[in-house]
Each structure stands twice: as structure tokens, then as C-alpha cells.
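Here is the structure we will look at.
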Number of protein chains: 2
Amino acid sequence: MVTIYDIAERANVSAMTVSRVINNTGKISEKTRARVKRVMEEMNYVPNQNARSLVLQETRTLFLLITDITNPFYTTLARGAEDAAIHNGYRLLFGNSDESLDKESEYVQTILSTRVDGVLVAPAGDPSLPHLEKLRQHKVPFVLLDREVPGIECDLVLGDSKEGCRKLVEHLIERGHRKIAMINGSSSVSSARLRLQGFMEALKLNDMPFDLADIHEASFGPRSDLSGIEAWLDGMPELPSAIVAGNNVLALEVLSVLRKRGLAVPDQLSLVCFDDFGPYAEYDPFITVVAQQAYQFGYLGMQLLIERIRKREQAGPWKKIVLPAELVVRRSVADIRGTPT
Amino acid sequence: MVTIYDIAERANVSAMTVSRVINNTGKISEKTRARVKRVMEEMNYVPNQNARSLVLQETRTLFLLITDITNPFYTTLARGAEDAAIHNGYRLLFGNSDESLDKESEYVQTILSTRVDGVLVAPAGDPSLPHLEKLRQHKVPFVLLDREVPGIECDLVLGDSKEGCRKLVEHLIERGHRKIAMINGSSSVSSARLRLQGFMEALKLNDMPFDLADIHEASFGPRSDLSGIEAWLDGMPELPSAIVAGNNVLALEVLSVLRKRGLAVPDQLSLVCFDDFGPYAEYDPFITVVAQQAYQFGYLGMQLLIERIRKREQAGPWKKIVLPAELVVRRSVADIRGTPT
DNA sequence: GTTTAAAATGTTATCGGTAACTCTAACCTA
DNA sequence: TAGGTTAGAGTTACCGATAACATTTTAAAC
């Protein structure tokens with residue numbers, strides 16, 4: 001590999017002069033600058049980022065850790081984060097934890113040992129706490145996306161899960177639905193808890209009964225095994241008229257099971273969910289959703305992160321951004337007012 | 001930051017001894033090993049990967065550069081690559097070039113300057129050549145995924161684009177379609193060229209006429225502006241009975257335009273495409289596709305890459321893996337045999 | 001109780017950069 | 001013209017780790 005010393009030798013200057021040319025620091029005569037630059041091109045010089053990071057104690061690299069690289073919510077979020085990072089002169093690297101604490105832990109190790117300047121994290125859940133504490137301990141600035149973790153104070157970009165879910169349920173109630181079930185992510189994930197709360201509050205506000213059997217706790221991450229959903233449906237004394245899915249992945253899984261059973265959406269069962277479907281939103285059955293501003297999650301989160309990095313200790317109190325979730329009515333909900341059950 | 005020197009001091013040994021404990025090299029008495037380990041835990045030591053990479057001249061980190069992080073083909077591929085990397089004790093970092101040569105160039109710069117041990121690249125297209133030459137020049141092992149680039153010899157994992165596309169067209173012909181149009185990615189992308197070839201060959205083999213106006217060259221990457229597709233459809237003297245889309249993104253874009261025009265699939269127009277839709281495959285209109293083994297692209301590509309890295313110079317001739325593409329018949333194609341046009 | 005080999009640990013140089021300081025002319029200035 | 005600036009370099013030390021070699025300690029052998 002070509003180093004600044006090789007360049008220095010060929011250009012008849014010291015290594016320091018080469019370094020100055022690269023970084024545009026100090027005073028260099030135009031003549032030597034041109035000569036050094038020419039030699040660098042000739043020799044195809046590429047600076048060694050590791051050496052540089054070592055002495056500078058900064059990498060100009062940020063990290064985005066998401067939990068499901070196949071979910072359009074996160075990939076859109078990633079695009080937002082990427083744009084904001086590049087815009088501010090940072091490199092961005094991605095990692096995918098797959099909703100697994102072990103993988104998350106591995107990535108945290110990578111993050112610490114490569115000394116990136118900051119991290120955007122969508123945590124796997126509440127048990128991510130030790131991972132975040134590790135980041136904090138090592139003074140790596142981080143911003144949490146989409147999910148809060150009790151026990152850690154930090155900058156946050158969240159969606160309005162409770163309110164969003166309430167909107168979904170109220171939309172269903174308005175259309176005459178009285179038996180509504182919910183399938184949700186793990187209760188160790190803050191957004192899942194809030195969505196459940198929104199669900200319950202909406203029922204209570206409308207004096208509707210609530211049966212524990214109507215709630216099914218699954219996982220926000222994709223699973224090949226749908227038998228849990230099957231068992232849940234089988235276990236209910238009577239089928240609900242509508243199902244609320246805690247996120248888009250779950251909605252698809254439910255859809256898949258319903259299809260297998262020959263249950264049409266929305267004719268025989270209505271289905272709504274949290275999160276939109278990216279480019280697939282327009283597909284039949286045109287699922288009615290509460291859409292989040294995925295791109296903004298990434299973009300704003302990145303801005304918070306970069307501000308923290310810039311101001312370091314004097315960055316003031318933690319910020320919390322809550323992005324509204326908007327109901328997008330499509331065609332997955334039947335209007336059953338006046339219809340006998 | 002805690003360094004091995006801090007550890008060394010507290011444990012009353014030399015830095016070298018600490019290094020030996022970390023790497024399990026050399027001979028260390030059990031007593032000191034235990035003591036050093038305890039101190040490392042106490043002080044929350046994390047090795048500095050930059051320092052290590054600098055002296056070892058290797059990073060144990062690989063890089064995956066894809067062109068569209070929102071496309072299920074690439075995210076599934078990414079999962080495969082990730083699994084294979086972890087399986088072999090490597091870290092994997094991702095980058096997203098967005099089908100842009102500029103971004104790709106940026107990432108190549110990052111790859112070179114961070115001295116990763118190898119790269120898996122889905123190139124933006126033929127003009128990626130200089131980027132790949134740069135990697136070659138700096139002796140960074142790489143494997144190309146999904147797309148070939150004329151002018152560069154290397155390991156490859158490709159899909160059988162020509163044959164796959166021929167299957168699509170023949171499926172249409174079998175069902176009575178005689179006027180078939182195609183929307184494709186940029187002709188500077190090898191897979192797009194092969195898919196077009198497959199399309200044309202199938203027409204020729206079946207003695208079907210071919211009209212240049214039936215072919216529309218767009219982009220494999222997602223676009224918000226669909227006016228090109230609109231103009232294309234408007235420009236045709238008569239609408240085709242079926243459209244072949246060069247990839248899944250294009251199929252969705254066509255679908256969106258058709259929907260806007262009130263044209264139902266498959267009743268008024270049939271639609272098929274290359275690449276499947278991941279979790280969205282089961283959605284209406286159940287698009288008939290030629291599915292690729294996306295996960296295998298990543299997994300096998302990673303294996304090729306790691307083998308190259310292990311054997312370095314003695315790795316033998318370039319390997320080329322061509323993965324078959326399988327026709328998955330769903331419900332986006334009308335059978336119009338015997339129907340007057 | 002030496003000698004000697006093996007085991008355990010330490011010293012020094014180095015990876016490729018940059019910060020901080022030093023040096024040397026050329027140029028001002030009174 | 002002596003003294004002070006300043007532009008344009010160079011020197012040296014260090015970032016945090018490891019390789020290669022050097023040294024000390026331990027234990028076995030005679």
C-alpha cells in the first residue's frame with residue numbers, strides 16, 4: 001500500500017507536507033502543493049482511515065442499527081438517515097440486528113471497537129438496556145429510533161404509537177365493528193406496549209368489552225412459522241370482525257393465514273395495521289393503515305445525533321421528537337353498521 | 001478510552017502480556033491470565049480496532065454494496081451475505097448506492113480507505129468499471145452480484161436473466177398473448193440487456209413481430225416520476241395485451257400507472273416481471289414472476305469472497321455461479337386464447 | 001549446586017497518519 | 001543594518017495495538 005512516506009519521497013518533501021496537502025491545513029506554496037497532488041494521483045494514493053482515526057480520535061463515520069432490513073419502514077428510515085449523514089459530511093454504515101439481542105450485542109461490540117463517532121439505534125427491545133448502557137459508558141453518542149428503552153435517557157425519535165393505534169380502532173368502531181382483536185409485537189418493545197394501550201383505551205372509551213384472548217403477542221420481526229397465529233385464531237370462541245396488527249409485518253402474516261383459510265379481506269374479516277408498506281401500499285387488499293413518516297425518523301434522528309456530536313458536553317437536555325402517525329384509509333375494512341353479526 | 005497500557009499498569013504486567021491474553025497467543029500462566037482478564041472486565045476494556053487493523057493489515061470486516069436498499073431482492077440478498085459472513089467470523093457492513101454512480105464512487109472510497117478485507121458488489125452498471133478497476137488496483141478482493149461488468153474479470157454470482165425472461169414471455173405466448181411489450185432497466189446494466197435478449201429471442205422463436213416502440217428503457221431503481229411510463233403507453237398505437245417488467249420495482253410502477261388509468265390486471269392487461277416480492281408476493285394482483293434465489297446470491301457470493309481472501313493469490317481461476325430463475329405462476333396473466341383482439 | 005531447557009514475561013520497533021514544535025530563509029521596518 | 005515577522009517547510013512524539021526479539025524466571029537434570 002502506498003503511504004504518505006512514499007508520496008513524500010517521490011515529491012521530495014517531508015511526510016508532514018503531504019499530510020498538509022491532503023487536509024488543506026497549514027501553509028504550502030502552490031508549487032509544492034501541485035507537485036504533491038500530482039504524485040498522489042500518479043501513485044493512486046488512498047489515505048489509511050485507520051491510521052487517521054487512531055491519531056485524530058474520530059472516524060467521521062456513523063452507524064445505523066436497524067432491527068429488520070426487510071421491512072420497508074426501516075429501509076425507508078435508512079434512506080433518510082443516509083441522506084442526512086452525507087449531507088453533513090459523514091459516512092454511514094448499516095447493521096441489521098434482526099430483532100435479536102445477540103446480534104445487537106455483536107454490533108455494539110463492532111461499534112465500540114471501530115470507534116465510530118455516533119450511532120442511530122432501533123433497539124430490539126427493553127432488554128437492549130445493557131447494550132445502550134455500554135454505549136453510554138464509552139461515551140458513544142446515540143439516538144434511539146422508534147422504540148424507547150426504560151432506564152436510559154437519551155435523544156429519541158418516536159412515532160405516536162398510542163394515538164395512532166387509537167385512530168385505527170376508532171376507525172373500525174365507526175364502521176360498526178364490535179369484536180376487534182389485536183396481534184402485536186413483543187411486550188418488551190415500547191412501541192408495542194403503547195400500541196396495545198391505544199387499542200385498550202379506544203375500547204374503553206367506547207364502552208366495549210375486552211377479552212384477553214383477543215390479544216396475541218407475537219413478534220415484529222418476520223417469521224416463517226405462522227402456527228402461533230393459527231392457534232390464536234383457533235382458540236377464539238368466535239372470530240372477530242376485525243383485526244388490528246401492531247405492524248406491517250404482522251399484517252402480512254395474518255393476511256397469509258386468512259388467505260389459507262379462505263377468509264376474504266375485507267368481506268369476511270377486516271384488517272388494519274400500524275406502518276405502511278412502502279411501494280407495496282397500493283397492492284390489493286389495499287390495507288388501511290396508520291402510516292408513519294419513516295424517512296423522517298431517519299433524517300431527524302441523524303440530525304439530533306450530529307448535533308450531539310458537534311456540541312458534545314454542551315448539547316443541552318435530551319430531545320424527544322414524536323412524529324404523528326396518519327390514518328390512510330384504503331379498502332381493507334368493511335362497513336358493517338346495521339348488519340347482524 | 002481505556003487502552004492495553006491502562007490494563008497493563010493495573011495488572012502489573014507489560015502491555016504485551018495483555019495483548020497475549022486478548023488474542024490467546026504465546027504462553028501465559030493461568031494466574032496472570034485470570035488477573036488480566038479481571039482487570040479488563042473491571043475497566044470495561046474494548047480493543048481499538050483501528051490500531052489493530054493498522055498493524056495487522058487486516059480488518060476482519062467485509063462490505064456489501066447494494067443498489068437499492070428498499071428492494072426485497074437486495075435486502076434478502078443482504079441477509080444471506082450477513083449469515084455467511086458471521087458464520088465465517090467476519091463482520092459485515094452495508095452500503096447503499098441507490099443506483100447512483102456518484103454514491104457508488106463514494107462508497108468505493110470508503111472501502112479503500114477503511115481497508116476492509118473484501119467487498120461484495122452489486123454494481124450500478126457498466127460505467128461502474130472504473131470503480132471496480134480501482135478495487136482491483138488496490139488488491140481488494142471483490143465478487144460481483146447480479147450484474148456483470150464488461151472489462152473486468154472476477155468471481156460472479158448471476159441469475160439466469162435471459163432464460164428467465166424467456167420463460168416469462170413463453171408463458172404469455174402460451175396463454176394467447178400476441179402483442180407483448182417490455183419495460184426494462186437501463187441498457188448499461190448487464191442483467192437488463194440479457195433480459196431484453198431473452199424477451200427478443202422468445203418472440204423470434206415464436207415468429208412474432210417485434211416493434212421497437214414496445215420496448216421502454218427506464219431504471220431498475222425506484223422513481224417518483226412515472227411520466228416516462230405514461231408517455232410510453234400513450235405513444236403506442238395500440239395497447240399490448242401483456243407487459244413484461246424487467247424487475248419487481250418496474251412492475252409496481254407499471255401497476256401504479258395502470259391503476260390510475262383504470263386498467264385492471266389481468267382482466268384488461270396482463271403483467272409479469274422478473275424478481276419476486278418478498279413478503280408481498282401473496283398480495284393481489286398476485287403477480288406472476290420469475291423468482292430468483294435472492295438469499296443464495298448473498299450467501300454464495302460471500303462464500304466465494306471469503307475463499308478468495310483465504311487463498312489470496314493461489315485461489316485459482318475466476319468462478320461464475322449462475323442461479324436458475326423459477327417461474328412462479330400466480331394470477332396476473334389472462335388466458336386470451338381464442339379471444340378476438 | 002550448577003547447568004540447561006522451557007516457560008513466562010518484557011523491550012523495542014513499527015503500522016500510517018497528525019499535532020505541536022522547530023528551523024530557515026526571505027522580507028520588513030525603523 | 002540589526003532585529004523582528006512570516007511563509008514554507010522539517011522533526012519528533014504519539015495514537016493503540018502487535019511482531020520479533022530479548023530477558024528473566026522456573027523447573028528439571030545431572
Side-chain angles (χ1 to χ4, degrees), chain A residues 1-37 39-40 43-61 109-117 138-140, chain B residues 1-37 39-40 43-61 109-117 138-140:
Chain A
M1 276 289 159
V2 180
T3 72
I4 47 168
Y5 295 97
D6 303 324
I7 307 290
E9 199 179 335
R10 265 240 251 185
N12 260 310
V13 292
S14 73
M16 200 54 224
T17 301
V18 178
S19 173
R20 288 195 182 102
V21 170
I22 295 170
N23 298 293
N24 255 312
T25 53
K27 299 176 195 286
I28 305 274
S29 75
E30 268 318 309
K31 212 169 55 183
T32 27
R33 180 190 305 279
R35 182 155 36 97
V36 169
K37 281 201 166 171
V39 174
M40 288 201 305
M43 303 185 78
N44 292 302
Y45 171 72
V46 177
N48 184 323
Q49 184 58 45
N50 295 309
R52 194 180 247 166
S53 299
L54 191 56
V55 57
L56 290 181
Q57 305 280 38
E58 72 158 14
T59 56
R60 298 296 297 173
T61 300
Q109 198 59 30
T110 298
I111 285 161
L112 290 176
S113 68
T114 55
R115 305 292 198 265
V116 295
D117 297 344
H138 289 275
K139 298 191 201 303
V140 180
Chain B
M1 276 288 157
V2 180
T3 71
I4 46 169
Y5 295 97
D6 302 324
I7 307 289
E9 199 179 336
R10 266 241 250 184
N12 260 309
V13 292
S14 72
M16 201 53 224
T17 301
V18 179
S19 172
R20 288 194 182 102
V21 170
I22 295 169
N23 298 294
N24 255 312
T25 53
K27 299 176 196 284
I28 304 273
S29 74
E30 268 319 309
K31 212 170 53 182
T32 30
R33 181 192 303 279
R35 182 154 37 97
V36 170
K37 280 200 167 172
V39 175
M40 288 200 304
M43 304 186 77
N44 292 301
Y45 171 73
V46 177
N48 185 322
Q49 183 60 45
N50 295 310
R52 192 180 250 168
S53 300
L54 190 56
V55 58
L56 290 181
Q57 305 279 35
E58 73 159 12
T59 56
R60 297 296 295 174
T61 300
Q109 199 59 30
T110 298
I111 285 162
L112 291 176
S113 67
T114 55
R115 305 292 199 264
V116 295
D117 297 345
H138 290 273
K139 299 191 200 307
V140 180

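Just the heavy atoms: all of them, side chains too, but no hydrogens, waters or symmetry mates, feed the values below. In the text below, chain A, chain B and the rest are named by the order of the sequence lines, each starting its count at 1.
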Legend entry - Closest contact, heavy atoms only, Arg115(B) versus Val46(A): NH2-O, 3.2 Å
Inset, instruction - Name the nucleic acid region contacted by Asn50(B), choosing base, sugar-phosphate or nothing; use a 4.0 angstrom heavy-atom cut-off, strictly under. - result: nothing
Inset, instruction - Using only side-chain N and O atoms of Ser14(B), determine if any of them is under 4.0 Å from OP1 or OP2 of dT9(C). - result: no
Legend entry - Contact under 4.0 Å: Thr3(A) side-chain N or O vs dG16(C) OP1/OP2: no
Inset, instruction - Answer yes or no: does a side-chain N or O of Lys27(B) lie under 4.0 Å from OP1 or OP2 of dA8(C)? - result: no
Legend entry - Integer-rounded Å distance: dG16(D) C1' and Asn48(B) CG: 6 Å
Inset, instruction - Determine whether any donor atom in the side chain of Tyr5(A) lies under 3.5 Å from an acceptor atom in the base of dG17(C), or the reverse, and answer yes or no. - result: yes
Legend entry - Nucleotide of dT9(C), dG16(D), dC15(C) approaching Ser29(B) most closely (side-chain heavy atoms): dT9(C)
Legend entry - Heavy-atom donor-acceptor pair, Arg20(A) side-chain to dG10(D) base, under 3.5 Å: yes
Inset, instruction - Grab the CD1-C1' distance between Ile7(B) and dA17(D) for me, whole Å please. - result: 13 Å
Legend entry - For atom CE of Met16(B) and atom C1' of dA19(D), their distance in whole Å: 7 Å
Legend entry - Separation of atom CG in Leu56(B) from atom C1' in dC15(C), rounded to whole Å: 10 Å
Inset, instruction - Take the protein atom CD1 of Ile28(B) and the nucleotide atom C1' of dA8(C), then report the distance between them rounded to whole Å. - result: 7 Å
Legend entry - Separation of dA7(D) P from Lys31(A) NZ (nearest whole Å): 17 Å
Legend entry - dG17(C) phosphate, OP1 or OP2, under 4.0 Å from Ser53(A) side-chain N/O: no
Inset, instruction - Please examine the side chains of Val21(B) and Met40(B), heavy atoms only from C-beta on, and report whether any two atoms are closer than 4.5 Å. - result: yes
Inset, instruction - Figure out the CZ/P separation between Arg60(A) and dG17(C), and round it to whole Å. - result: 19 Å
Legend entry - 5′-ward residue of the pair Thr32(B)/Ala51(A) relative to DNA chain C: Thr32(B)
Inset, instruction - Give one of base, sugar-phosphate or nothing for Gln57(B), where a contact means two heavy atoms less than 4.0 Å apart. - result: sugar-phosphate
Inset, instruction - Give the minimum heavy-atom separation between Tyr45(B) and Thr3(B), together with the two atoms involved. - result: CE1-C, 3.9 Å
Inset, instruction - Give a yes or no on this: more than 12 heavy atoms of other residues, nucleotides or ligands lie within 6.0 Å of atom CD of Glu9(A). - result: no
Legend entry - Nucleotide nearest Val55(B) (side chain, heavy atoms from C-beta), chosen from dG10(C), dG17(C), dG16(D): dG16(D)
Legend entry - Over all atoms of both residues, closest heavy-atom pair of Thr59(A) and Thr114(A): CG2-O, 3.7 Å
Legend entry - Distance, rounded to the nearest Å, where Leu54(B) contributes CG and dC14(D) contributes C1': 12 Å
Inset, instruction - Check whether any side-chain N or O of Thr17(B) sits under 4.0 Å from OP1 or OP2 of dG10(C), and answer yes or no. - result: yes
